[in-house]
Amino acid sequence: MAVTKEHCFYCFDVLAAQLEGTQHDTAPQFSDDEYPLFVTWNTISRNGSHRLRGCIGNFSPMPLHSGLREYALTSALRDRRFSPITAQELPKLSCAVSLLTDFEDADNYLDWEVGKHGIWIEFRNESGSKRTATYLPDVAPEQGWTKEEAIESLLRKGGYMAPITDKLKKSIKLTRYQSSKTSATFGEFVAFKKKQESGIPAFITAIETVID
């Protein structure tokens with residue numbers, strides 16, 4: 001199944017209702033297939049650059065209706081790296097939905113392709129505890145990383161603070177995967193809602209569109 005902008009519009013719908021303090025009751029029109037999924041929120045500046053505001057997902061297959069509803073809010077409001085998204089930020093936001101597919105055990109920590117695969121690693125930290133971390137397929141090319149650089153960054157993301165050695169990297173258990181991903185802006189969401197009978201909630205139209 002290919003992800004569509006309607007998946008992103010549904011996430012905007014859920015978040016907007018939460019920020020308004022109303023119950024979300026818009027039934028999604030897309031199928032309720034099960035996928036591992038991630039929801040990513042970015043703010044867009046005047047020059048078109050994107051700044052991450054939240055990204056959380058789940059590697060266990062979930063029904064899309066409940067999964068997107070859950071992670072639209074979790075990524076927007078409970079990503080511990082960021083403060084919760086506010087209603088005033090909505091006009092600046094873009095939402096991306098990634099549906100994860102084609103999971104494969106890699107032969108080693110370099111057995112994957114930049115721009116094609118996302119990577120999920122398991123490793124032992126300095127105290128011997130198992131840790132995990134992941135990057136979606138678009139992260140490494142967006143950052144301009146080599147595979148080695150992506151792995152080292154991912155180890156740091158997973159909380160490894162000691163010097164990174166070849167022995168550590170060779171001990172990594174890596175799973176590679178692919179994704180179907182698309183994104184939509186708040187403006188696209190508003191245009192979509194205006195085409196529907198229900199229209200767009202009044203509180204959203206009252207938000208002043210200010211781009212940093």
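Positions are given from 1 along the sequence. Atoms considered below: every heavy atom in the structure, side chains included; atoms not considered: hydrogens, waters and symmetry mates.
Residues satisfying the side chain to side chain contact (heavy atoms under 4.5 Å, CB included) criterion with Pro84, sequence neighbours excluded, are Leu77. Scanning for side-chain hydrogen bond (donor to acceptor under 3.5 Å, both in side chains) contacts around Thr40 gives an empty result, with sequence neighbours left out.
Under the 4.5 Å side-chain heavy-atom criterion for grouping Ile, Leu, Val, Met, Phe, Trp and Tyr, Phe82 is not connected to Leu73 through any hydrophobic cluster. Hydrophobic clustering (ILVMFWY, side-chain heavy atoms < 4.5 Å, transitive): Val39 and Leu90 are in one cluster.
The shortest side-chain heavy-atom distance between Leu68 and Val97 falls under the 4.5 Å cut-off. A heavy-atom distance below 4.5 Å is found between the side chains of Leu93 and Ile85. Contact check for Lys181 versus Asp138: side-chain heavy atoms found under the 4.5 Å cut-off. Inter-residue side-chain proximity for Arg156 and Ile164 is flagged as met; some heavy-atom pair is nearer than 4.5 Å. Residues Asp13 and Lys193 form a side-chain contact, since some pair of their non-hydrogen atoms from C-beta on lies under 4.5 Å apart. Side-chain contact between Pro28 and His65 is present, with heavy atoms from C-beta onward closer than 4.5 Å. Two residues are said to be in side-chain contact when any heavy atoms from C-beta on lie closer than 4.5 Å; Leu174 and Asn108 fail this criterion. Using a 4.5 Å heavy-atom threshold, the side chains of Ile151 and Trp112 count as touching.
For residues 154-184, the set of pairs meeting the ring pair (Phe, Tyr, Trp, His ring centres under 6.0 Å) definition, not counting sequence neighbours, comprises Phe59-Tyr177, Phe103-Tyr177.
Results of the side-chain contact (heavy atoms from CB on, under 4.5 Å) test with Leu154 over Phe123, Tyr135, Trp120, Trp145 single out Tyr135 as the only residue that passes. The one candidate from Ser180, Ser179, Cys8 that meets the side-chain contact (heavy atoms from CB on, under 4.5 Å) condition with Val3 is Ser180.
Separation of atoms NZ (Lys116) and CD (Gln178) is listed at 5.0 Å; rounding is to 0.5 Å. Atom CD of Gln88 is separated from atom CG of Leu19 by 8.5 Å, given to the nearest 0.5 angstrom. Thr101 OG1 to Tyr35 OH: the interatomic distance, rounded to the nearest 0.5 Å, is 7.5 Å. Taken to the nearest 0.5 Å, the CG atom of Leu15 stands 14.0 Å off from the CZ atom of Arg69. Atoms CD1 and CZ, on Ile44 and Arg51 in that order, are 12.0 Å from each other to the nearest 0.5 Å. Atom-to-atom distance recorded for Ser60:OG and Glu34:CD is 10.5 Å, nearest 0.5 angstrom.
Under the 3.5 Å distance criterion, the side-chain polar atoms of Glu152 are left unmatched by any main-chain donor or acceptor of Ala150. The closest donor-acceptor contact from the side chain of Ser49 to the backbone of Ser45 lies at 3.5 Å or more, if one exists at all. Looking only at distances, a side-chain donor or acceptor of Glu149 sits under 3.5 Å from a matching main-chain atom of Thr146. Side-chain atoms of His50 come within 3.5 Å of backbone N or O of Gly48 as a donor-acceptor pair. The main-chain N or O of Ala162 is found under 3.5 Å from a side-chain atom of Glu126 such that the two form a donor-acceptor pair. Using a distance-only test at 3.5 Å, with no hydrogens or angles considered, a donor-acceptor pair links the side chain of Asn42 to the main chain of Leu52. No donor-acceptor pair under 3.5 Å is formed between the side chain of Asp107 and the backbone N or O of Asp111. Without hydrogens or angle criteria, Thr134 side chain to Ile119 main chain gives a donor-acceptor distance under 3.5 Å. No donor-acceptor pair under 3.5 Å is formed between the side chain of Ser129 and the backbone N or O of Asn125. No donor-acceptor pair closer than 3.5 Å links the side chain of Glu142 to the backbone N or O of Val139.
Using a 4.0 Å cut-off between charged side-chain N and carboxylate O, Glu122 and Lys130 make a salt bridge. Of the charged side-chain nitrogens involved, none lies within less than 4.0 Å of a carboxylate oxygen, so that Lys173 and Asp105 do not count as a salt-bridged pair. Checked for salt-bridge contact, Glu113 and Lys147 miss the test: no charged N lies under 4.0 Å from a carboxylate O.
Side-chain atoms of Glu6 and Thr4 include no donor-acceptor pair closer than 3.5 Å. At a cut-off of 3.5 Å, with distance as the only test, no side-chain donor of Ser171 or Tyr109 sits close to an acceptor on the other residue.
Aromatic pair Tyr71/Trp41: centroids not less than 6.0 angstrom apart.
The heavy-atom pair separating Phe12 from Cys95 by the smallest distance is CE1-CB, 3.7 Å. What you find for Lys5 and Ala184 is that their closest heavy atoms are NZ-CA, 4.1 Å. Closest non-hydrogen pair, Pro91 versus Phe186, comes out as CA-CD2, 3.4 Å.
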Test log, rule side chain to side chain contact (heavy atoms under 4.5 Å, CB included), inputs Glu148 and Lys169 | CA-CA 9 Å; Glu148 288 276 2; Lys169 288 186 283 189; 2.9 Å; yes
Is there a side chain to side chain contact (heavy atoms under 4.5 Å, CB included) between Leu64 and Leu99? Walk through the geometry before answering.
CA-CA 9 Å; Leu64 288 178; Leu99 305 183; 3.6 Å; yes
Test Cys55 against Leu136 for side chain to side chain contact (heavy atoms under 4.5 Å, CB included), laying out the working first. CA-CA 10 Å; Cys55 180; Leu136 295 174; 4.1 Å; yes
Checklist line | Stepwise side chain to side chain contact (heavy atoms under 4.5 Å, CB included) test for Glu188 and Phe9 | finding: CA-CA 8 Å; Glu188 290 175 308; Phe9 298 153; 3.9 Å; yes
